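Report on one structure; see the data block that follows.
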2 protein chains.
Amino acid sequence: MRPCYPRPRNAEATRADILLTARKRFARDGYDEVGLRDIAREVGVDAALISRYFGSKEDLFLQVMQSCDNGEGFMLGDRATWGRRIAEQVMTKPKPESKMDSLPIMLRSLGSAKAMEIIGRSSDERFFRPLIEWMGGKDAEVRARLAASVVMGVAMGKEITGGLPLDDDAKARFTTRFARLLQSLLDDEDC
Amino acid sequence: MRPCYPRPRNAEATRADILLTARKRFARDGYDEVGLRDIAREVGVDAALISRYFGSKEDLFLQVMQSCDNGEGFMLGDRATWGRRIAEQVMTKPKPESKMDSLPIMLRSLGSAKAMEIIGRSSDERFFRPLIEWMGGKDAEVRARLAASVVMGVAMGKEITGGLPLDDDAKARFTTRFARLLQSLLDDEDC
DNA sequence: GAAGGTTGTCAACAGCTGATGACAAGTCCA
DNA sequence: TGGACTTGTCATCAGCTGTTGACAACCTTC
């Protein structure tokens, strides 16, 4: 993996490489289980460089979180088909170059106190507040937090069971029910 | 915390102490962030003893998971009020001596590959299968997995935001909506 | 009271982690 | 050409991890 020829001198590109690789690894393995040396090796760089560019591992993690598309995709498109769109998105594997990694990063970093402090701080302003505002209507905060919980829960269920152990038919029904559930949280304002 | 007088010689009690303390710590901090020395210190014992009694840290974790009440409490009592009962249980802090720690342990250990392998193996047989059977009816597996996802998601949301940032009124409405959602997954068999 | 097994402690290990400061190599400008 | 700055590497640090084997203290049994 590490090329024999020396790495081209390009601080900006190297920095971007590190950030992208760190995002990928944090999403795949979580904060605690990825070392700076792992990331450095994959980028083809010495670990000391990461420390110099990003300060500490915590700082790197913070910048990775800030570089994510924190669910802005949740708030695009037709409101009438929102539930199904989100449900299908959660149920299918995201493309590896996607910036939509905040969910897996959060899932896999729940155990790390340092990471959680950063996640809690950034997820509220960058994810919950916008979602609440976008949903709108009566009790928007309650409905939005519940909807977010459902999405996170399904994602977590997939993690635990290793991608839901359901055949295609059942998976389709799961998705449908999941979608209807989200949609009703968006539409039904009365409790 | 560590008493000055030597620990009474009682292998069975010591073993139980270790198991209980390990469960508490794994639930609070997750697999990766708890060291054998942490657990040992809290029990008032040397870390080497844990290795001798339980083999490896992985083995200890497995036995901790097996000692948990893996959600059998989900399947008790009146079916008509099941949703609300579960919702309230999830929304309130569990007692510290509770054996219902499998959910927080899972949450906080999602990032650890070794722990996840154990969790995935044991949660299916000890949690999902019984729940599916208990729910019964058409598409029980789909409904049960979705219900479990919702429960896990709400628990996770509480973790991330540090106990939902809602006032008591909103929290009550959240719980009600949460409860209705679970109940409909139990009752409404048609998709 | 001596032998033998049980229960627990202690010291040490190899391996890993994040971080630091010294150093080499490339690039740019005067 | 020569100094100054940037970009990247290397060696090393202290601290932590799970695990192991030797050892001490205690209890039981003969």
Side-chain angles (χ1 to χ4, degrees), chain A residues 1-22 25-26 28-64 108-109 111-118, chain B residues 1-22 25-26 29-64 108-109 111-115 117-118:
Chain A
M1 183 151 304
R2 173 92 160 271
C4 332
Y5 47 84
R7 198 186 163 76
R9 288 170 62 87
N10 186 338
E12 205 170 337
T14 303
R15 219 189 125 89
D17 270 11
I18 293 172
L19 205 61
L20 181 69
T21 304
R25 296 303 302 264
F26 282 143
R28 210 185 65 186
D29 302 321
Y31 183 83
D32 273 338
E33 291 222 333
V34 177
L36 292 182
R37 285 173 178 83
D38 298 325
I39 299 169
R41 197 181 313 119
E42 194 164 331
V43 175
V45 118
D46 191 277
L49 200 63
I50 300 183
S51 283
R52 256 241 297 272
Y53 278 1
F54 294 90
S56 66
K57 188 186 180 185
E58 278 187 68
D59 292 334
L60 171 64
F61 186 77
L62 173 62
Q63 296 193 44
V64 163
R108 302 217 130 100
S109 304
S112 166
K114 282 182 263 181
M116 275 310 295
E117 203 265 325
I118 293 169
Chain B
M1 182 152 304
R2 174 91 161 272
C4 333
Y5 47 85
R7 197 184 166 77
R9 288 170 63 87
N10 185 339
E12 204 169 338
T14 303
R15 220 189 124 89
D17 270 11
I18 294 172
L19 206 61
L20 182 69
T21 304
R25 295 303 301 265
F26 282 142
D29 302 320
Y31 182 82
D32 272 338
E33 291 221 334
V34 177
L36 292 182
R37 285 173 177 83
D38 299 325
I39 299 169
R41 198 181 313 118
E42 195 165 330
V43 175
V45 119
D46 191 277
L49 200 63
I50 300 182
S51 283
R52 258 242 297 271
Y53 278 2
F54 294 90
S56 66
K57 188 185 180 184
E58 278 186 68
D59 291 333
L60 171 64
F61 186 76
L62 173 61
Q63 297 194 43
V64 163
R108 304 229 192 242
S109 303
S112 165
K114 282 182 264 180
E117 202 264 324
I118 293 169

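Below, chain A is the first sequence line, B the second, and so on; all start at residue 1. In this text the structure is predicted, and so the values were computed from the model without any measurement.
Identified under the salt bridge (charged side-chain N to carboxylate O under 4.0 Å, His left out) test for residues 30-39 of chain A, with sequence neighbours left out: A:Asp38-A:Arg41.
Put simply, CD1 on A:Ile39 and CG on A:Leu49 are 12.5 Å apart, with the number rounded to the nearest 0.5 Å. To the nearest 0.5 Å, the span separating CZ on A:Phe61 from OG on A:Ser112 amounts to 7.0 Å.
Heavy-atom distances to DNA chain C give each of B:Asn10 and A:Ser51 a nearest nucleotide, and the one nearer the 5′ end belongs to B:Asn10.
One can place CG of A:Asp32 at 17 Å from P of C:dC16, the figure rounded to the nearest angstrom. One atom, NZ of B:Lys57, and another, C1' of D:dT17, lie 8 Å apart when rounded to the nearest Å. A straight line from CZ of A:Arg41 to P of D:dC10 spans 14 Å, rounded to a whole angstrom. Look at CD1 on B:Ile18: it is 10 Å from C1' on C:dG8, rounded to the nearest Å. Rounded to whole Å, atom C1' of D:dT17 lies 16 Å from atom CG of B:Asp29. We find that CD of B:Glu33 is positioned 13 Å from C1' of D:dC16, with the value rounded to whole Å. Going from atom CD of A:Glu58 over to atom P of C:dT17 covers 17 Å, rounded to whole Å. Following rounding to the nearest Å, B:Asp59 (CG) and D:dT19 (P) show an atom-to-atom distance of 8 Å.
One finds a side-chain N or O of B:Thr14 lying less than 4.0 angstrom from the OP1 or OP2 phosphate oxygen of C:dG8. A close approach under 4.0 Å does not occur between any side-chain nitrogen or oxygen of B:Tyr53 and OP1 or OP2 of C:dT7.
No side-chain donor-acceptor contact under 3.5 Å links B:Thr14 and B:Asp17.
The side chain of A:Arg9 approaches C:dA25 more closely than any other nucleotide in the set C:dA25, D:dG18, C:dT17. If you check D:dG18, C:dG18, D:dT9 against the side chain of A:Arg37, the one that comes closest is C:dG18. Checking D:dT9, C:dT9, D:dG18 against the side-chain heavy atoms of A:Leu49 singles out D:dT9 as nearest. Here C:dT9 is the nucleotide among C:dG8, C:dT9, D:dG8 with the atom lying nearest to any side-chain atom of B:Ala48. Comparing C:dA19, D:dT9, D:dT17 by their closest approach to the side chain of A:Leu36 singles out C:dA19.
Under the 30°/60° scheme for interplanar angles, the aromatic rings of A:Phe26 and A:Tyr31 are found to lie parallel.
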